[in-house]
Amino acid sequence: MALALEEALEAQAIGEVPIGAVVVCEGAVVARAYNRREIDHDPAGHAEFYAIRKAAAKLERWRLSDCTVYVTLEPCPMCAGLMHQARIARCVYGTSDPKAGALGTLYDLSNDERLNHRFDVTSGVLEEECGALLTAFFSRLREG
């Protein structure tokens with residue numbers, strides 16, 4: 001999660017919402033990314049979306065069933081859906097998202113019996129640090 005926080009700081013440095021993600025496979029980091037919605041003009045430009053796509057390209061496979069995604073903010077429905085499609089084994093996230101969280105807060109796409117894949121979720125890892133980064137970012141936006 002510390003590496004995901006480093007990615008979030010990279011996003012913040014370029015004016016993006018400070019969210020970072022890392023994909024780990026068999027103990028090795030295979031992809032890192034941060035939010036790029038504004039600079040890429042991309043509604044799908046979420047950190048975990050980029051990280052999962054980078055991991056799939058690097059590993060040369062779309063099934064990432066031996067991978068864990070670490071992300072600073074609870075994934076939204078789009079990103080949780082991508083984790084489902086990629087057959088991610090586990091997602092570890094920092095702080096919950098009360099407005100769009102899809103791994104337990106508003107929805108739980110990780111454990112929906114109607115879907116053909118379920119994955120483990122661990123929440124609250126470095127929660128205070130992840131949440132503080134987002135809170136400070138949005139406070140500065142409201143002030144400016």
Chemist: Atom CD of E10 and atom CG of L5: how far apart are they, to the nearest 0.5 Å?
Modeler: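 One gets 12.0 Å once the value is rounded to the nearest 0.5 Å.
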Chemist: Is there a side-chain contact between L141 and F138 (heavy atoms, below 4.5 Å)?
Modeler: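 Of all side-chain heavy-atom pairs linking F138 with L141, at least one is under 4.5 Å.
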Chemist: For residues 41-49, run the donor-acceptor check on the side chains, cut-off 3.5 Å, and write out each pair with its distance to 0.1 Å, sequence neighbours left out.
Modeler:
from	atom 1	to	atom 2	distance (Å)
H41	ND1	E38	O	3.4
D42	OD1	A44	N	2.8
D42	OD2	Y50	OH	3.2
H46	NE2	R37	NH1	3.3

Chemist: When rounded to the nearest 0.5 angstrom, what is the spacing between OG in S110 and CG in L115?
Modeler: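 Result: 9.5 Å between the selected atoms.
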Chemist: Run the salt-bridge test on E6 and R32 with the 4.0 Å N-O cut-off and return the result as yes or no.
Modeler: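 Here E6 pairs with R32 in a salt bridge, since their nearest N and O are under 4.0 Å apart.
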Chemist: About how many Å separate CG of D108 and CZ of R118, when rounded to the nearest 0.5 Å?
Modeler: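 One finds 10.5 Å between CZ of R118 and CG of D108.
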Chemist: Please table the atom pairs, donor to acceptor, closer than 3.5 Å between any side-chain atom in residues 72-85 and protein atoms at least two apart or in another chain.
Modeler:
from	atom 1	to	atom 2	distance (Å)
T72	OG1	G20	N	3.1
E74	OE1	D97	N	3.0
E74	OE1	T105	OG1	2.5
E74	OE2	A102	N	3.4
E74	OE2	L103	N	2.9
E74	OE2	G104	N	3.3
E74	OE2	T105	N	3.1
E74	OE2	T105	OG1	3.3
H84	NE2	N116	OD1	2.8

Chemist: Compare all side-chain heavy atoms of Y34 with those of Q12 and state whether any distance is below 4.5 angstrom.
Modeler: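 With C-beta onward as the side chain, the pair stays apart.
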Chemist: Just wondering, do S65 and I88 contact through their side chains at under 4.5 Å, heavy atoms?
Modeler: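 Heavy-atom side-chain distance check fails, nothing below 4.5 Å.
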Chemist: Please determine if D66 and R61 form a salt bridge, counting it only when a charged side-chain N lies under 4.0 Å from a carboxylate O.
Modeler: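 Yes, D66 and R61 are salt-bridged.
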Chemist: Can you check whether V69 reaches V22 side chain to side chain, under 4.5 Å on heavy atoms?
Modeler: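 Of all side-chain heavy-atom pairs linking V22 with V69, none is under 4.5 Å.
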Chemist: Same cluster for M1 and V29 if Ile/Leu/Val/Met/Phe/Trp/Tyr side chains link at under 4.5 Å?
Modeler: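 Yes, because M1 and V29 connect within a single hydrophobic cluster, where side-chain heavy atoms sit under 4.5 Å apart.
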Chemist: Could you list the residues that satisfy side chain to side chain donor-acceptor pair (under 3.5 Å) with D120, not counting sequence neighbours?
Modeler: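 D120 satisfies side chain to side chain donor-acceptor pair (under 3.5 Å) with no residue once adjacent residues are dropped.
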Chemist: For R87, look at atom CZ and say whether over 12 heavy atoms of other residues, nucleotides or ligands are found less than 6.0 Å away.
Modeler: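 Correct, the count exceeds 12.
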Chemist: I want to check something: taking the side chain as every heavy atom from C-beta on, are Y93 and V125 in contact at a cut-off of under 4.5 Å?
Modeler: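 No, their side chains stay 4.5 Å or more apart.
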Chemist: Just checking, any donor-acceptor pair under 3.5 angstrom between side chains of R90 and T122?
Modeler: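 There is such a pair (donor and acceptor under 3.5 Å, judged by atom type) between the side chains of R90 and T122.
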Chemist: When rounded to the nearest 0.5 angstrom, what distance separates CG in L59 from SG in C67?
Modeler: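 One gets 5.5 Å once the value is rounded to the nearest 0.5 Å.
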Chemist: To the nearest 0.5 Å, how far apart are CD in E127 and OG1 in T95?
Modeler: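 If I round to the nearest 0.5 Å, the distance is 5.0 Å.
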Chemist: Taking the side chain as every heavy atom from C-beta outward, state whether N35 and P18 have any atom pair closer than 4.5 Å.
Modeler: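 Answer no - side chains too far apart.
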